[in-house]
Amino acid sequence: MTWGVIATGGIAHAVTADMLKAGATVLAVSSRDIAKAQKFAEHFGIERAYGDYHDLLADPDVDIVYVATPHGQHHEVVLAALDAGKHVLCEKAFALTVADAEEMIERARSKNLFLMEAMWTRFNPLIRKVHEAIDAGEIGEVRMIRADFGFRHAFSDTDRLWAKEAGGGATLDLGVYPVALTHQFLGVPKHVHAHGSLAPTEVDADAGIFLAYDNGAHALLSCSLVANTGARAEIVGTLGRIELVDPMFNPTAVVINGVEHAIEDEGYQHQIRAVEECVAAGLTESPRITWENTLEVMRTLEEALRQMGVSYASVK
């Protein structure tokens, strides 16, 4: 099976490099700037470069597309890819709104095509090891999760991290990781409480998010574009604790009850192989990150943003 890459930014470079390391065949790339597409193609030895993603989607030899555009374009591009009969791996955050995410998923269902949010953390071998440790009762009942992801990023209203039309803001770009991690180990929260500050572009500059559960378990999460919080996480149970060493979204080491477990960094390779395995098996969604998993996280993110006064409903 062959891949097409839509967009040529930093994340597209990183993922494409790992696609090739994983043995995937990357046939085509597109960018609104054909010169950028050609440069990207030359760098990675990709055969075909397009100046419009519609041209890439019209290529009959492309089976799967990786959508690496800013969040604000995910809805439009993913729907077009599915309508073109392509399987899709879409970067996180999956969409700007729950409604957009639901439409994307419904389109994949109606077309009987594979669609997955690129939440690579779920495919990290150490995250699976953490699951196994918790399932085996090594830290008892999970009672609390602490997770942070933040760095200082200079404000500019044209920068995608700050631009509302691009889906900018700390929560969608960074907070998605702590929230998704909490959903993974504690499930859907009963209550969401959020507090943060807004940038002049009406996106959140930072956020503190508290997730509460019926049994008293809770999560203390933060994300920031104005302060370097680092990217660590801790899962605390009644009998012990687990630390996800920075970066918590792609840990190369975890500490379970004081014992460190480490792996070599294989980046996005596990995710890429999982996508190809799912498509080869005829699946439309991954068992590790189902469509409902993605929607559950989107609902939490949207509620947190609503409480901070941020809405992307009018962004199209």
Side-chain angles (χ1 to χ4, degrees), residues 71 92-99 101-102 117 119-122 124 127 130-131 133-135 139-150 167 169-198 203-227 229-251 254 288-312:
H71 320 318
K92 85 227 59 83
F94 190 66
L96 294 185
T97 66
V98 172
E102 289 174 337
E117 179 184 16
M119 182 52 71
W120 59 320
T121 306
R122 294 216 174 190
N124 182 292
I127 296 297
V130 169
H131 258 297
I134 292 174
D135 291 344
I139 67 166
E141 180 186 7
V142 176
R143 302 301 301 160
M144 181 176 67
I145 293 177
R146 283 191 288 254
D148 310 295
F149 186 12
T171 295
L172 285 186
D173 207 85
L174 309 180
V176 61
Y177 284 111
V179 169
L181 184 80
T182 302
H183 272 253
Q184 188 172 359
F185 292 105
L186 281 177
V188 179
K190 179 69 172 179
H191 301 286
V192 178
H193 304 280
H195 177 77
S197 64
L198 301 187
V203 301
D204 60 309
D206 56 5
I209 301 173
F210 180 79
L211 304 183
Y213 294 79
D214 280 340
N215 66 351
H218 58 278
L220 303 167
L221 315 175
S222 75
C223 55
S224 180
L225 288 171
V226 294
T229 66
R232 290 179 175 269
E234 186 178 28
I235 303 170
V236 182
T238 53
L239 299 176
R241 67 182 61 215
I242 298 172
E243 179 188 358
L244 277 64
V245 176
D246 194 336
M248 50 78 70
F249 48 82
N250 181 40
V254 298
R288 288 195 197 161
I289 177 165
T290 66
W291 292 341
E292 186 57 30
N293 293 152
T294 292
L295 289 175
E296 289 167 352
V297 170
M298 282 299 311
R299 293 181 189 117
T300 297
L301 295 173
E302 188 167 90
E303 174 58 20
L305 288 165
R306 184 194 68 78
Q307 292 181 23
M308 290 185 285
V310 179
S311 172
Y312 295 91

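Atoms considered below: every heavy atom in the structure, side chains included; atoms not considered: hydrogens, waters and symmetry mates. This chain uses plain numbering: 1 for the first residue, then up along the sequence. Worth saying up front: this structure is predicted, and the values here are computed from it rather than measured.
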- Query: Checking E302 side chain against V98 main chain: does a donor-acceptor pair fall under 3.5 Å?
  - Reply: yes
- Message: Does R143 form a side-chain contact (heavy atoms from CB on, under 4.5 Å) with E141? I'd like the steps, not just the answer.
- Response: CA-CA 6 Å; R143 302 301 301 160; E141 180 186 7; 3.2 Å; yes
If you compare all heavy atoms of [X] against all heavy atoms of [Y], which two are closest, and at what distance to 0.1 Å?
X: T229; Y: G150; answer: OG1-N, 2.8 Å
X: A95; Y: M298; answer: O-CE, 3.3 Å
X: A205; Y: A170; answer: O-CB, 3.6 Å
X: A304; Y: I209; answer: CB-CD1, 4.1 Å
X: Q307; Y: A194; answer: OE1-N, 2.9 Å
X: G167; Y: Y312; answer: CA-CE2, 3.9 Å

Are [X] and [Y] packed together at the side-chain level, in the sense that at least one heavy-atom pair is separated by less than 4.5 angstrom?
X: P251; Y: V245; answer: no
X: F249; Y: M119; answer: no
X: V236; Y: I145; answer: no
X: L172; Y: L301; answer: yes
X: L305; Y: D204; answer: yes
X: R146; Y: L221; answer: no
X: I134; Y: V142; answer: yes
X: I139; Y: T238; answer: no

- Between H218 and F210, ring centroids under 6.0 Å: yes
- Hey, mind stepping through N293 and W291 against side-chain contact (heavy atoms from CB on, under 4.5 Å) and telling me if it holds? CA-CA 5 Å; N293 293 152; W291 292 341; over 6 Å; no
- Tell me, with the steps shown, if L198 and V203 meet side-chain contact (heavy atoms from CB on, under 4.5 Å). CA-CA 6 Å; L198 301 187; V203 301; over 6 Å; no
- Task: Calculate, to the nearest 0.5 Å, the distance between atoms OH and CG belonging to Y177 and L244 respectively.
- Result: 13.5 Å
- How would you list, by chain and number, every residue that makes a salt bridge (Lys or Arg N to Asp or Glu O under 4.0 Å) with D206, sequence neighbours excluded?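 Partners of D206 by the salt bridge (Lys or Arg N to Asp or Glu O under 4.0 Å) criterion come out as none, since no residue qualifies.
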- Message: Test salt bridge (Lys or Arg N to Asp or Glu O under 4.0 Å) on E303 and R306; report intermediate values, then the result.
- Response: CA-CA 5 Å; E303 174 58 20; R306 184 194 68 78; 2.7 Å; yes
- Task: Scan for salt bridge (charged side-chain N to carboxylate O under 4.0 Å, His left out) pairs involving residues 237-250, sequence neighbours excluded, and state none if there are none.
- Result: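 Every salt bridge (charged side-chain N to carboxylate O under 4.0 Å, His left out) pair that includes a residue of residues 237-250, provided the two are not neighbours, is R232-E243, E234-R241.
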With a cut-off of 3.5 Å and sequence neighbours excluded, list every side-chain donor-acceptor pair involving residues 181-193.
unit_1, atom_1, unit_2, atom_2, d
T182, OG1, P178, O, 2.9
H183, NE2, T300, OG1, 2.8
Q184, NE2, H131, NE2, 3.1

- Looking at R299, E117, K92, which hits side-chain hydrogen bond (donor to acceptor under 3.5 Å, both in side chains) with T294?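 Between T294 and the candidates, side-chain hydrogen bond (donor to acceptor under 3.5 Å, both in side chains) is satisfied uniquely by E117.
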